[in-house]
Amino acid sequence: MPRPEVREGTIVVYTDIACAWSTVLIARLLRARAELGLAGQVHLDHRVFLLEDVNSFPIPKKFLDSEIPVVGALEPDMGWKTWQADPSEWPVTTAPANEAVHAAKEQSPEAAEELDMALRVAFFRDSRCISLRHEILDIAGGCPHVDARALGEALDDGRARGPMMRDYRACRDAVQGSPHLFFADGYDVHNPGIELKWVGEQGAGFPVVEHDDPGVAADLVRRAARTLSPSPG
């Protein structure tokens, strides 16, 4: 079963921007990295686990409506909201937004990380239609490390879409779901720190978090840092 190649000091994160559980984990990883003083050393390498392709249906609004009150309690400072815009503006696909994050990698790891989180906040907090090119670029314009003009050119010529989808197809069977993390030492883990169950059918019932350990994020950042080569001298 093909596994992704992982550079030292890197956490490869397979996820979808519309996945609320992965948004919690990414927020925690970024915070833990900053608290440990490892910004600039440990990076997140975002890869796509395209849920609309996995499930063969569009982003399910009713699923997220039942998840947000539960997920929001795990990281309340993110300002989660159920969809506040007109239902007709609901983003039916996240493929363009995920593609934009992959295109931002061409600029820098920081650009991709910033854009990924900005798009998540735009969706989960601000109810913005992140399926649309102009929305994606407007969001990108607020990211200090992202060149929105260059990103627009990359989206127009599609240079990131092919590599993104080839990686997704090649590694899909190794990914249990969103989020799934891979490390340079060979370790991998799906949705670390959170154990949950669904009561009733998904979309009609609701999730129940049975265990939540936010401290796992710091452990994962340290694991990635241990794979860094020692500095010369």
Quick one, [X] and [Y] - any side-chain contact, counting heavy atoms below 4.5 Å?
X	Y	value
Arg28	Leu220	no
Pro91	Trp83	yes
Asn191	Leu196	yes
Arg161	His102	no

* Asked: Hey, mind stepping through Arg172 and Asp53 against side chain to side chain contact (heavy atoms under 4.5 Å, CB included) and telling me if it holds?
  -> CA-CA 11 Å; Arg172 174 175 163 171; Asp53 183 76; 3.1 Å; yes
Residues [X], [Y]: salt bridge by 4.0 Å N-O rule:
X	Y	result
Asp219	Arg222	yes
Arg120	Asp116	yes
Arg31	Asp77	no

Nearest heavy atoms of [X] and [Y], plus distance in Å:
X	Y	result
Ile17	Thr23	O-OG1, 4.1 Å
Ala184	Arg7	CB-O, 3.8 Å
Val216	Gly193	CG2-CA, 3.9 Å
Val12	Arg47	CG1-CG, 3.5 Å
Ile59	Thr93	CD1-C, 3.9 Å
Thr15	Ser22	OG1-OG, 2.6 Å

* Asked: Can you tell me if Asp188 and Tyr14 form a side-chain donor-acceptor pair at under 3.5 Å?
  -> no
* **Distance-only polar pair, side chains of Asp16 and Thr94, donor-acceptor under 3.5 Å** => yes
* Asked: Do the numbers put Arg3 on top of the ring of Phe182, so that NZ or CZ is under 6.0 Å from the six-membered ring centre and no more than 45° off the axis?
  -> no
Could you measure the distance from the [atom1] atom of [X] to the [atom2] atom of [Y]? Nearest 0.5 Å is fine.
X	Y	atom1	atom2	answer
Leu25	Ser178	CG	OG	9.5 Å
Thr227	Arg223	OG1	CZ	10.0 Å
Phe124	Glu67	CZ	CD	8.0 Å
Phe206	Lys197	CZ	NZ	9.0 Å
Ile130	Glu135	CD1	CD	9.5 Å
Arg133	Glu99	CZ	CD	11.0 Å

* Asked: Tyr168 vs Phe49 aromatic rings, parallel, tilted or perpendicular, using cut-offs 30° and 60°?
  -> perpendicular
* Using 30° and 60° as the class limits, which term best fits the ring planes of Phe57 and Phe63: parallel, tilted or perpendicular? -> perpendicular
* In this structure, are over 12 heavy atoms from other groups packed under 6.0 Å from Glu8 atom CD? -> yes
* **Neighbour count above 12 (heavy atom, 6.0 Å) for Glu210 CD** => yes
* side chain to side chain contact (heavy atoms under 4.5 Å, CB included) between Val6 and Asp45, worked out -> CA-CA 9 Å; Val6 185; Asp45 181 357; over 6 Å; no
Let me check something: do [X] and [Y] share a hydrophobic cluster, defined by ILVMFWY side-chain heavy atoms less than 4.5 Å apart, either directly or through other members?
X	Y	result
Ile11	Val175	no
Val48	Leu181	no
Tyr187	Ile194	yes
Trp198	Val209	yes
Met164	Val101	no

Any side-chain to backbone donor/acceptor pair from [X] onto [Y]? Under 3.5 Å, distance only.
X	Y	value
Glu113	His43	no
Glu110	His145	no
Trp80	Glu75	yes
Gln84	Thr82	yes
Lys105	Ala160	no

* **Audit row: Trp21, Leu74, side chain to side chain contact (heavy atoms under 4.5 Å, CB included) steps and yes/no** => CA-CA 9 Å; Trp21 305 101; Leu74 304 181; 4.0 Å; yes
* Going through the checks in order, is the side chain to side chain contact (heavy atoms under 4.5 Å, CB included) test met by Leu44 and Leu30? -> CA-CA 9 Å; Leu44 306 185; Leu30 295 175; 3.8 Å; yes
